[in-house]
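Per chain, numbering begins at 1; letters A, B, ... match sequence-line order. Basis for what follows: all heavy atoms, side chains included, without hydrogens, waters or symmetry-related copies.
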Amino acid sequence: MQSNSEKQEIAEFVGISDEMELFSDIPKKFRKTDLKISPGISEYEVISMALSTGGLNRGPDMINFLGNGIYDRVVPSTVDSIIGRSEFLTAYTPYQAEMSQGALQSLFEYQTYMAELTGMDISNSSMYDGFSTLGEAVRMAHRINEKRDILIPANIYDDKLKVIESYLYGLPVRLVRYSVDSKSGFINIEDIQSKITDDTSAIVVEMPNALGIIDENVPKIQQIRKNALIIAYVDPVSLGMLAPPGDYGADIVAAEGQQLGIHMNFGGPTLGILSFRKDYVRKSPGRIIGETVDSNGKRAYVMTLQTREQHIRREKATSNICTNQALMAIAATVYLGTVGPSGLRKIAETTYINSRKLKEKLGGLKIAEKQQLTGKPFSDVLVSFRKDVNGLQEFLSTRGINGGLALSRLSSGAASDVRNGAFFSTTEKTTDGAIAKLAEALEVF
Amino acid sequence: MAYHEAVYDEPLIFEYRSGTTYKLPGLEGKQKIDLPENLLRKELNLPEVSEYDVVRHYTRLSQMNYSVDLGIYPLGSCTMKFNPKYADAIASSRQFSEMHPLQLQSETQGELRILYELQEYLKAISDMDAVTLQPLAGAQGEYTGILITRKYFEVKGELDSRTDVLIPDSAHGTNPASAAMAGFNVIEIPSSENGTVNLDALKAALSEHTAAFMITNPNTLGIFEDHIEEIAKMVHDAGALLYYDGANFNGILGVTSPGIMGFDIVHFNLHKTFATPHGSGGPGAGPVGVKSRLKDFLPVPVVGKEGDRYFLDYGAKHTIGKVSSYTGSFMVLLRAWAYITYHGSDGLRRNTVNAVLNTNYIRKRLEGRFSIPYKTLKKHEVVISTENTGIRALDAAKYLIDQGVHAPTIYFPLIVHEAMMIEPTETVSKQDLDRFVDALIESSKLSPEELKNHPVNLPVSRPDEVKAARDMKVRWDGSTYGN
C-alpha cells in the first residue's frame with residue numbers, strides 16, 4: 001500500500017487526475033454502484049468476531065468416535081510449526097526452481113514417502129482430497145486402456161460415488177457394481193469374476209472397505225483380474241501395519257491423507273494421495289517433482305514431465321490440476337519424518353487393537369445384535385443394533401460423545417443384511433475410559 | 001538490493017542418521033496382530049529421524065524457499081498479495097480446526113455460519129444468485145462450472161447438439177483442460193489486434209453446437225474486454241452460457257462484476273483475490289457462483305439459513321452431485337471470510353484501485369524499454385515482451401532472482417513472444433515497484449552471455465530440466481544425481 005503522497009506521485013506519473021480514469025475502459029453502465037458488504041473493521045474486531053462465531057461450535061472437547069475418512073489423530077507439534085513457517089505457507093507453486101528448492105525437495109521427499117508407503121513406483125506431488133483422487137484414478141485407468149467398465153463395490157459411500165460420477169461425466173465409461181458379503185463384510189470374489197469382461201478397464205477395491213473391514217478377499221483380486229487394472233483406495237495409516245497395495249497387484253493407489261498430520265479442519269483442506277506404476281506415468285494427472293543437476297553439477301529439484309500438464313498440452317492435458325495441496329503434502333512429510341516407520345506401525349496397531357476392544361465391548365451390550373460382521377475392522381467399527389439407530393448420534397451428543405454415525409447415512413448400497421448399523425471409529429488417541437463411557441451411554445439408548 | 005538465499009547442502013530426510021525420539025500414546029512393544037500373514041506388512045523402508053533433526057531439516061529447507069513474506073512476488077495471474085496474519089491467527093483456533101465434517105449440524109453452527117456468510121459475500125461481490133464453496137481449487141471450480149453447463153444442456157435435452165466450448169487463445173491452460181475433461185470439443189478463438197476477443201472469429205464459431213464461451217475479464221494480457229456486452233449478447237443469442245474465469249478478479253473487484261457483465265457462471269480463486277496463503281502450491285479454494293436459472297445444478301450441499309439456524313441444503317433438483325468429499329476447503333474459506341470482513345466494501349474496492357494503479361505505473365515506466373503489446377491501459381497485470389531488447393524472458397527472470405524479486409510469469413500468454421507477465425498487486429510499495437522496474441531495465445542492458453550466469457546467489461542455478469524429464473528420477477532410491 002502506498003502513502004497518499006506516493007499515490008499522488010504515481011498517479012501523476014501515470015497521467016491520471018482521477019482514479020476512475022484507470023477504469024475508463026469499463027463501460028459506464030457496467031460500473032458497480034453498491035457492494036452490499038459492511039465497511040471494513042479492525043484486526044481486533046475481525047478476530048473477536050471469528051472467535052465468537054467459532055464459539056457456536058461444539059466438538060473439540062467432546063469424546064470423539066467419528067471417522068469414516070477423517071480421523072482425530074495426534075498431530076505432532078513439529079507439523080504445525082513447520083507448515084506454519086511463512087517461507088512454505090506464503091509461497092506459490094515453485095515455478096522458479098532456484099528460489100524454491102525448499103518446497104521442491106520437500107515434495108520430492110513426499111513422493112518418496114508415498115511411493116514406499118503404497119508399494120508403488122511413483123507418487124505425484126498431491127491431489128485435492130481422497131474422493132476426487134479416486135475419480136482421477138478412474139479417469140487415468142480409462143486413459144491407459146480405453147476400456148469401458150469400471151467395477152466398484154456396491155457399498156461404496158454415496159458421496160464418494162457421486163464424486164467419481166462427476167469425474168466420469170462426459171467419458172464413455174460405465175460403473176458396474178459388485179457385491180459384498182454381508183456376513184463377513186468381504187467383497188464377493190465370484191461376483192467380481194462373473195463381471196469381468198474384455199471391456200473391463202479397472203476394478204476398484206477398498207482397504208479397509210466401506211464397512212470398515214480389513215478385507216481378506218482383496219488380495220485374491222490379482223488372480224482373477226485378467227487384463228483389468230486394479231485401483232486400490234486405502235487408508236494410509238493402516239499401511240503402517242497392512243501389506244501395501246503394491247503387494248496385491250494394484251496398478252494405481254488413491255488415498256485420503258488427512259490423518260498424516262493434518263487436523264480434521266471440518267473436512268478441508270485434506271490431502272489426495274495418488275501413486276502408480278512407472279509404466280503409467282505419462283498417463284497420470286497432477287504435478288511431479290524430479291531430481292536433476294544444476295549448471296554446476298549440483299543436485300537440484302524441478303517440476304518435471306510438464307508436457308502432460310495443462311499449461312503446455314491445454315485441452316490434451318492429463319488433468320486440469322494446477323493448484324494442488326502442496327502444503328498438506330509437506331505436512332504429511334513432516335508427520336512421517338517425526339513419527340518414523342516404527343511410530344507409524346505403532347499408530348496403526350494401536351488403532352487396530354482399540355477397534356477390536358471397542359467391537360468386543362459394544363458387541364456384548366444388550367442392545368447390540370448377537371450377529372456382527374465376522375471381518376475385522378481397522379478403525380471404523382460397524383456395530384449392528386437391535387434398535388433403529390436414527391437419532392443415535394443426537395442421543396450421544398447430549399452425553400458429550402461424537403459418534404454413532406448410521407451406516408445408512410454413508411451408503412445406500414450397503415450390505416442389506418446389516419441391520420441398524422452405526423459406526424464408531426478408533427485412533428491411537430482412543431482410551432479404554434472413553435470406550436467405557438460410550439458403552440455406558442449406549443446401555444440407556 | 002542483492003538477494004542471498006540461505007545455501008545448505010541439505011541432504012534428503014532419507015539420508016539422515018538418527019533415531020526416532022517422538023513419543024506417542026498407545027501400545028508398547030510388539031503386538032500380536034491376528035490377521036492372515038499375506039495381509040501384513042513385511043517392511044517399511046522409511047527413515048528413523050529424531051524430532052530435532054526433522055525440525056532442523058525442514059527449517060533449513062524453508063530458508064531455501066522464496067515467499068510473499070520475503071518480498072515482492074509479481075507473478076502474473078497468480079495475484080500474490082500479502083497474506084494477512086490475522087487470518088492465520090483465526091485459522092489456528094481449535095474451535096475450527098478440530099471439527100469433524102460428519103458432526104451434527106447443531107454442533108457445527110459456527111462453521112456453517114462462516115460458510116453461509118462467505119456465500120453471501122461472494123454473491124454480493126460477483127452479483128450472482130447462488131454460490132457453492134465445495135470446489136477445492138480454481139481448476140476444480142472450472143470443472144464444476146463446466147459440469148453445470150453439461151447438466152444444464154442435458155436437462156434441456158440439447159446435450160447431443162451442444163458439443164463445443166469456445167475459449168480465447170489467450171486463456172489460462174486450465175480452461176481448455178477443464179472443458180475437455182467434461183467431454184466437450186475445445187475451439188480456440190483468436191485474439192484481435194488489440195488483444196481482446198476477435199468478435200468476427202467469435203461470431204463465426206458460435207452456433208447451435210456451442211455450449212459455453214469461457215473467458216476471463218480482464219484477460220491474461222491485463223486488458224479489459226470492453227466489448228463484453230456484445231459478447232454476452234452473441235453468446236446468449238446462440239443459446240450458450242457465458243463462463244467467467246475468476247483468476248483475474250483483482251483487477252475489477254468492487255468496480256464491476258461478472259453478474260453485471262452478463263456472465264452465467266463464475267469461479268473464484270480465493271488464494272488469489274482474497275489473499276489466502278498459497279502454501280507452495282496449494283491448498284486453494286475455487287467457489288462457483290451462478291445465476292438463478294442454474295442454481296438447481298450446483299453440487300450439494302450448499303449452506304442455507306432458516307431463522308437463526310444454519311443448515312446443509314441438499315435440495316438442488318438437478319444437482320451435478322459432488323466434486324469433493326465435504327463442504328470445501330474450510331480453513332481456506334475461513335481465511336477468505338476474514339479477509340473480506342476485515343477490508344469490507346470500502347477496503348476491497350480500494351485494493352483494486354491500488355492494484356490497477358501500481359500495474360499502470362509499471363507499464364508506464366517500462367514503456368519505450370520493452371515492447372508492450374496491445375492496448376495501453378491495463379488492469380491487474382501487464383504483459384511485456386523482451387524480444388526487442390535481444391534478451392530472453394527466461395534470462396531476464398533469472399537475473400531478477402538475484403535481485404531479490406520473484407520472477408514474473410514467463411512465456412505466457414502463448415500469443416506474446418518472450419512474454420513476461422507482471423502483476424504487482426496492491427500490497428507493494430512504490431519503493432519496491434521502482435526496485436523491480438530498475439532491475440528489469442538493468443537486465444535488458446546486459447548481454448545474453450552475461451545473463452546466462454544468473455542466478456548466482458541461490459542454492460542452485462539453472463537446473464537441467466531436460467535431464468529431469470529424460471532420466472526420470474521422482475523418488476529417492478539411495479543414489480543421487482549431482483555432487
Does [X] reach the main-chain N or O of [Y] with its side chain, forming a donor-acceptor pair under 3.5 Å?
{"X": "A:D25", "Y": "B:D226", "answer": "no"}
{"X": "A:K346", "Y": "B:L24", "answer": "yes"}
{"X": "A:D159", "Y": "B:K322", "answer": "no"}
{"X": "A:E394", "Y": "B:L104", "answer": "no"}
{"X": "A:T90", "Y": "B:V68", "answer": "yes"}
{"X": "B:T256", "Y": "A:F30", "answer": "yes"}
{"X": "A:K298", "Y": "B:P459", "answer": "yes"}
{"X": "A:R139", "Y": "B:M181", "answer": "yes"}
{"X": "A:T53", "Y": "B:G110", "answer": "no"}
{"X": "B:K379", "Y": "A:L22", "answer": "yes"}

Region of [X] that comes under 4.5 Å of a non-hydrogen atom in chain B:
{"X": "A:K7", "result": "both"}
{"X": "A:I288", "result": "side chain"}
{"X": "A:D72", "result": "side chain"}
{"X": "A:L117", "result": "both"}
{"X": "A:T270", "result": "neither"}
{"X": "A:P219", "result": "side chain"}
{"X": "A:I83", "result": "neither"}
{"X": "A:K316", "result": "neither"}
{"X": "A:R345", "result": "side chain"}
{"X": "A:V339", "result": "both"}
{"X": "A:L405", "result": "side chain"}
{"X": "A:N402", "result": "side chain"}
{"X": "A:V302", "result": "side chain"}
{"X": "A:E291", "result": "both"}

Check whether [X] gets within reach of chain A through its side chain, its backbone, both or neither, counting any heavy atom under 4.5 Å.
{"X": "B:F184", "value": "neither"}
{"X": "B:Y73", "value": "side chain"}
{"X": "B:L348", "value": "side chain"}
{"X": "B:S62", "value": "both"}
{"X": "B:R60", "value": "neither"}
{"X": "B:D464", "value": "both"}

Quick one: which of [options] has the most heavy-atom pairs under 4.5 Å with chain B, could you say?
{"options": "A:N354, A:T304, A:I321, A:V163", "result": "A:V163"}
{"options": "A:T292, A:L327, A:L305", "result": "A:T292"}
{"options": "A:I47, A:I312, A:T78", "result": "A:I47"}
{"options": "A:K429, A:E349, A:K36", "result": "A:E349"}
{"options": "A:S342, A:G290, A:S319, A:S166", "result": "A:S166"}
{"options": "A:M328, A:E98, A:Q325, A:M62", "result": "A:E98"}

Report yes if the side chains of [X] and [Y] come closer than 4.5 Å at any heavy-atom pair, otherwise no.
{"X": "A:Y169", "Y": "B:K151", "value": "yes"}
{"X": "B:E98", "Y": "A:H263", "value": "yes"}
{"X": "A:L336", "Y": "B:I13", "value": "no"}
{"X": "B:L102", "Y": "A:I70", "value": "no"}
{"X": "B:Y326", "Y": "A:N265", "value": "no"}
{"X": "B:D69", "Y": "A:L89", "value": "no"}
{"X": "B:E229", "Y": "A:P27", "value": "no"}
{"X": "A:E116", "Y": "B:W476", "value": "no"}

(message) With a 6.0 Å cut-off (strictly less than), is the heavy-atom count around NZ of B:K42, excluding the residue itself, greater than 12?
(response)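 For B:K42, atom NZ is crowded (more than 12 foreign heavy atoms under 6.0 Å).
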(request) Would you please name every residue forming a salt bridge (Lys or Arg N to Asp or Glu O under 4.0 Å) with A:E9, sequence neighbours left out? (result)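 If we apply the salt bridge (Lys or Arg N to Asp or Glu O under 4.0 Å) test to A:E9, skipping adjacent residues, the hits are B:K430.
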(message) Applying salt bridge (Lys or Arg N to Asp or Glu O under 4.0 Å), can you list everything that pairs with A:R314, at least two apart in sequence or on another chain?
(response)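 If we apply the salt bridge (Lys or Arg N to Asp or Glu O under 4.0 Å) test to A:R314, skipping adjacent residues, there are no hits.
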(request) For side chain to side chain contact (heavy atoms under 4.5 Å, CB included), just list the numbers for A:H311 and B:T409, CA-CA rounded to whole Å, side-chain angles, deciding distance to a tenth of an Å, and then say yes or no. (result) CA-CA 12 Å; A:H311 57 278; B:T409 301; over 6 Å; no
(message) Whether the A:E256 and B:S325 side chains hold a donor-acceptor pair (N or O, under 3.5 Å, no angle test) is what I'd like checked.
(response)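 No.
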(request) Start with the C-alpha gap between A:Y352 and B:D34, add the side-chain angles, then the distance that decides, and say whether side chain to side chain contact (heavy atoms under 4.5 Å, CB included) holds. (result) CA-CA 10 Å; A:Y352 175 72; B:D34 51 346; 2.8 Å; yes
(message) With ring-ring contact (aromatic ring centres under 6.0 Å, His included) as the criterion, how do A:F13 and B:Y361 come out once you've worked through the C-alpha distance, each side chain's angles and the decisive distance to 0.1 Å?
(response) CA-CA 7 Å; A:F13 182 80; B:Y361 179 68; 5.2 Å; yes
(request) For side chain to side chain contact (heavy atoms under 4.5 Å, CB included), just list the numbers for B:Q63 and A:R85, CA-CA rounded to whole Å, side-chain angles, deciding distance to a tenth of an Å, and then say yes or no. (result) CA-CA 9 Å; B:Q63 291 177 344; A:R85 288 190 68 90; 4.2 Å; yes
(request) Evaluate the side chain to side chain contact (heavy atoms under 4.5 Å, CB included) criterion for residues A:E109 and B:Y58: first the C-alpha distance (whole Å), next the side-chain angles of each, then the deciding distance (0.1 Å), finally the verdict. (result) CA-CA 11 Å; A:E109 292 179 356; B:Y58 291 105; 2.5 Å; yes
(message) For A:Y113 and B:F14, take the angle between the two ring planes, folded into 0 to 90°, and tell me which bin it lands in: parallel under 30, tilted 30 to 60, perpendicular over 60.
(response)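 Geometry flag for B:F14 against A:Y113: tilted rings.
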